[in-house]
Undergrad: 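Take this structure, written in structure tokens, and hold onto it; I'll ask about it next.
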Amino acid sequence: MTADPGEGPHMRQLLGAYVLDALPAPEALRVARHLQACDRCAADYAAVAEAAALLPLLTEEDLLE
């Protein structure tokens with residue numbers, strides 16, 4: 001992985017859908033390629049993936065609080 005060159009669009013707005021496998025295949029591939037080259041977005045991806053892994057632990061009561 002390389003350092004983020006600070007150029008071009010980042011994929012942060014798509015990471016939630018990417019983690020949940022909710023993107024169309026071409027867009028998912030574009031995000032995956034970007035994550036290989038951008039340390040900043042890769043770090044954000046790791047945080048989003050960690051949070052998504054906790055979703056099944058929530059109960060209905062948790063959501064109402």
Side-chain angles (χ1 to χ4, degrees):
M1 191 175 306
T2 61
D4 176 10
E7 298 175 2
H10 292 284
M11 301 289 158
R12 296 179 72 201
Q13 69 276 14
L14 298 175
L15 292 178
Y18 180 75
V19 166
L20 297 175
D21 199 25
L23 292 176
E27 198 163 26
L29 180 59
R30 187 168 61 99
V31 172
R33 287 182 178 156
H34 181 81
L35 292 175
Q36 291 175 353
C38 180
D39 289 339
R40 186 167 140 198
C41 287
D44 290 342
Y45 165 77
V48 171
E50 186 177 306
L54 298 174
L55 290 175
L57 301 176
L58 292 174
T59 67
E60 187 175 337
E61 287 179 3
D62 294 329
L63 299 174
L64 296 174
E65 291 180 3

Undergrad: Quick one: closest heavy-atom pair of L15 and L35, and the distance?
TA: CD2-CD2, 4.0 Å
Undergrad: Just how far is it from atom CZ of R30 to atom CE of M11, taken to the nearest 0.5 Å?
TA: 4.0 Å
Undergrad: How close do V19 and A52 get, heavy atom to heavy atom, and via which atoms?
TA: CG1-CB, 3.4 Å
Undergrad: Nearest heavy-atom pair of L58 and D62: which atoms, and what distance?
TA: CA-OD2, 3.5 Å
Undergrad: Which heavy-atom pair separates Y18 from A32 by the least distance, and what is that distance?
TA: OH-CB, 3.4 Å
Undergrad: For L23 versus L14, what's the shortest heavy-atom pair and its separation?
TA: CD1-O, 4.0 Å
Undergrad: Mind checking the SG-CD spacing from C41 to Q13? Nearest 0.5 Å is all I need.
TA: 8.0 Å
